[in-house]
Protein chains: 2
Amino acid sequence: MEEKYLQSVKENLKKKGYKLTGPRLAILKYLLRKKGHHSIMDIYEKMRMKNDRIGIATIYRTVDLFLELGIVRVLTINNSKPCFEINWPGDHHHHLICKGCGRIIEFGSCNFIQIVGEIERVTRFSVKEHTLEAYGLCPKCAQKTEDYSTEKI
Amino acid sequence: MEEKYLQSVKENLKKKGYKLTGPRLAILKYLLRKKGHHSIMDIYEKMRMKNDRIGIATIYRTVDLFLELGIVRVLTINNSKPCFEINWPGDHHHHLICKGCGRIIEFGSCNFIQIVGEIERVTRFSVKEHTLEAYGLCPKCAQKTEDYSTEKI
DNA sequence: TATCTTAATGATAAATATTATCATTTGAAT
DNA sequence: ATTCAAATGATAATATTTATCATTAAGATA
Ligand SMILES: [Zn+2]
Ligand SMILES: [Zn+2]
Ligand SMILES: [Zn+2]
Ligand SMILES: [Zn+2]
């Protein structure tokens with residue numbers, strides 16, 4: 001699975017005239033291995049700890065390139081630093097973020113496609129992609145909030 | 001309408017123990033007047049041009065406060081600087097962004113509510129809010145793309 | 001395989017963006 | 001009017017992002 005995907009990325013790079021360099025491959029493998037959502041600094045520091053000493057500028061450049069090629073996608077939670085994740089082909093998912101503890105979980109159910117037609121008809125745009133993030137409270141944090149609200153003061 | 005909203009914001013601030021200061025009121029009125037989506041720098045520079053000379057730190061602090069109080073909400077398009085807009089009560093809308101020219105239009109149709117129940121049941125989260133952004137091509141940019149694709153080379 | 005060409009990299013300088021500090025101002029309670 | 005704490009503005013300190021450029025290395029060529 002990952003091997004096949006790696007191969008497709010290599011072809012993707014080549015087709016567009018980009019080189020398959022050590023740093024690019026290393027960053028790609030890092031993202032494939034770790035799953036999840038990673039900021040620039042995450043990638044830079046974690047890889048450095050594993051003695052993959054790639055310059056910070058190259059991390060920026062590579063992530064930008066991967067974004068452009070659709071290899072990764074970006075997730076910006078509220079007002080904080082953008083995080084990046086592998087854009088697996090066919091894996092359409094969204095994020096549910098706990099406003100209490102910041103935990104992120106993913107969900108696959110998405111009914112946006114049902115209204116795309118109407119939006120295209122009304123706006124005359126052609127719609128290609130979408131992002132959807134939901135915010136709320138995880139069970140633990142919901143419990144805490146409840147505790148406070150019933151607390152005698 | 002705006003007068004009433006201003007009043008409710010004032011009460012909101014007071015209730016939480018914040019002061020209704022000149023800069024806060026000026027920034028709020030600016031956002032109410034201009035509509036649309038504004039970066040920190042937009043707000044700072046445009047207000048300054050109108051001789052509302054508020055320090056940049058106060059812009060940051062005030063926008064953060066407004067976010068916390070739900071007076072504004074943030075919109076982060078792709079990988080760029082966050083923009084802020086008034087969070088009118090009852091105005092639930094999303095954004096459609098042209099990947100060609102960057103134009104943003106808003107749409108009100110949203111069917112997310114139909115699947116909230118299922119998400120809550122499956123994830124055990126309680127869901128409060130959500131953001132949804134769609135990306136595509138406006139009619140003009142779609143036309144251009146088509147031109148290129150049929151161009152003889 | 002050795003050579004060549006040029007894109008890519010890494011170090012770091014430069015530019016931007018954000019946050020912290022603190023003397024002064026100001027909102028609002030008394 | 002006086003008081004007091006919160007808020008502001010100027011700006012210093014950090015943090016983040018981009019630009020520069022000498023060096024490296026991927027991939028083409030022979
Ligand atoms: Zn994800
Ligand atoms: Zn979706
Ligand atoms: Zn909007
Ligand atoms: Zn919605």
Side-chain angles (χ1 to χ4, degrees), chain A residues 6-7 9-30 37-69 71-72 74-84, chain B residues 6-7 9-30 37-69 71-72 74-84:
Chain A
L6 256 176
Q7 197 53 40
V9 170
K10 289 179 185 179
E11 281 160 21
N12 196 350
L13 281 172
K14 210 172 254 184
K15 195 170 54 192
K16 300 270 174 53
Y18 296 110
K19 289 180 179 174
L20 183 70
T21 67
R24 283 172 184 169
L25 208 52
I27 293 169
L28 179 62
K29 284 182 175 171
Y30 175 85
H37 313 92
H38 310 278
S39 71
I40 294 286
M41 226 17 114
D42 284 345
I43 300 171
Y44 177 70
E45 283 171 351
K46 301 276 174 56
M47 291 190 76
R48 188 148 287 242
M49 286 199 298
K50 256 185 278 168
N51 266 22
D52 247 333
R53 331 198 98 255
I54 296 172
I56 187 76
T58 297
I59 309 277
Y60 276 100
R61 288 184 288 227
T62 302
V63 167
D64 279 351
L65 178 64
F66 284 1
L67 268 179
E68 179 193 318
L69 297 178
I71 293 165
V72 304
V74 62
L75 165 66
T76 306
I77 290 165
N78 251 333
N79 209 8
S80 73
K81 296 280 161 273
C83 291
F84 304 89
Chain B
L6 256 175
Q7 198 51 42
V9 169
K10 288 180 186 178
E11 281 161 20
N12 195 352
L13 282 172
K14 211 172 254 183
K15 195 172 54 192
K16 301 270 174 52
Y18 296 109
K19 289 180 178 172
L20 184 69
T21 66
R24 283 172 184 169
L25 209 51
I27 293 169
L28 179 61
K29 283 183 176 171
Y30 175 86
H37 314 91
H38 310 278
S39 70
I40 294 285
M41 228 12 118
D42 284 346
I43 300 171
Y44 176 70
E45 284 172 350
K46 300 274 174 59
M47 291 190 77
R48 189 147 285 243
M49 287 199 297
K50 254 186 280 169
N51 266 23
D52 246 333
R53 330 199 98 255
I54 296 173
I56 186 77
T58 298
I59 308 279
Y60 276 101
R61 288 185 288 228
T62 303
V63 167
D64 279 350
L65 177 66
F66 283 2
L67 268 178
E68 180 195 318
L69 297 179
I71 294 166
V72 302
V74 61
L75 164 67
T76 306
I77 290 167
N78 251 333
N79 210 7
S80 73
K81 295 279 160 275
C83 291
F84 304 89

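Here the structure is a predicted model, which means the values were calculated and not measured. All chains are named by letter (A, B, ...) in the order of the sequence lines, taking the proteins before the strands, and each is independently numbered beginning at 1.
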Next on the checklist: Categorize B:Arg61 for me: base, sugar-phosphate, or nothing, with a 4.0 angstrom heavy-atom threshold over every strand shown.
Outcome noted: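 Touches a base.
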
Checklist entry - With a non-hydrogen cut-off below 4.0 angstrom, is A:Ile40 in contact with a base, only sugar-phosphate, or nothing? => result nothing

Checklist entry - Relative to the 5' end of DNA chain C, which residue comes earlier, A:Ile56 or B:Ile56, by the nucleotide with the nearest heavy atom? => result A:Ile56

Next on the checklist: If you assign each of A:Gly22 and B:Lys14 to its closest nucleotide in DNA chain C, which residue comes earlier from the 5' end?
Outcome noted: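 Checking each residue's closest nucleotide, the 5'-ward one belongs to A:Gly22.
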
What integer distance in Å separates [X]:[atom1] from [N]:[atom2]?
X: A:Leu13; N: C:dA7; atom1: CG; atom2: C1'; value: 13 Å
X: A:Arg48; N: C:dG10; atom1: CZ; atom2: P; value: 9 Å
X: A:Phe84; N: D:dT16; atom1: CZ; atom2: P; value: 13 Å
X: B:Tyr60; N: C:dA20; atom1: OH; atom2: C1'; value: 14 Å
X: A:Ile59; N: C:dT9; atom1: CD1; atom2: P; value: 10 Å
X: A:Lys81; N: D:dA15; atom1: NZ; atom2: P; value: 12 Å
X: A:Tyr44; N: C:dT9; atom1: OH; atom2: P; value: 15 Å
X: A:Arg24; N: D:dA25; atom1: CZ; atom2: P; value: 15 Å

Next on the checklist: Please give me the minimum heavy-atom distance between A:Arg24 and A:Lys19, naming the atom from each residue.
Outcome noted: NH1-O, 2.7 Å

Item to check | Which atom of B:Met47 lies closest to which atom of B:Tyr30, heavy atoms considered | outcome: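 Shortest heavy-atom separation between B:Met47 and B:Tyr30 comes out as CG-CD1, 3.7 Å.
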
Checklist entry - Do the non-hydrogen side-chain atoms of B:Leu25 and B:Val9 ever get within less than 4.5 Å of each other? => result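 SC-SC contact between B:Leu25 and B:Val9 ruled out.
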
Can you identify which nucleotide, out of [options], has its nearest atom closest to the [X] side chain?
X: B:Leu20; options: D:dA7, C:dA28, D:dT11; result: C:dA28
X: A:Ala57; options: C:dA11, C:dA8, C:dA17; result: C:dA11
X: B:Lys19; options: C:dA28, C:dA7, D:dT11; result: C:dA28
X: A:Thr58; options: C:dA17, C:dG10, D:dT8; result: C:dG10

Item to check | Side-chain N or O of A:Arg53 closer than 4.0 Å to phosphate OP1/OP2 of C:dG10 | outcome: no

Next on the checklist: For a quick test of reading the model: is some side-chain N or O of B:Thr21 closer than 4.0 Å to OP1 or OP2 of D:dT8?
Outcome noted: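 The answer is yes; a side-chain N or O of B:Thr21 sits under 4.0 Å from OP1 or OP2.
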
Checklist entry - Axis-to-axis angle across the helix from C:dT1-D:dA30 to C:dT30-D:dA1, five pairs an end, to 10 degrees? => result 40°

Checklist entry - More than 12 non-hydrogen atoms from neighbouring residues, nucleotides or ligands closer than 6.0 Å to NZ on B:Lys29, yes or no? => result no

Checklist entry - Within a radius of less than 6.0 Å around NZ of A:Lys14, do more than 12 heavy atoms belonging to other residues, nucleotides or ligands occur? => result no

Item to check | Check against side-chain contact (heavy atoms from CB on, under 4.5 Å), B:Glu11 and B:Gln7 | outcome: CA-CA 6 Å; B:Glu11 281 161 20; B:Gln7 198 51 42; 3.8 Å; yes

Checklist entry - Which one of B:Ile27, B:Val72, B:Leu13 satisfies the side chain to side chain contact (heavy atoms under 4.5 Å, CB included) criterion with B:Leu65? => result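 Exactly one pass, corresponding to B:Leu13.
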
Checklist entry - If only atom types and distance count, is the side chain of B:Asp42 paired as donor or acceptor with the main-chain N or O of B:Ser39 below 3.5 Å? => result yes

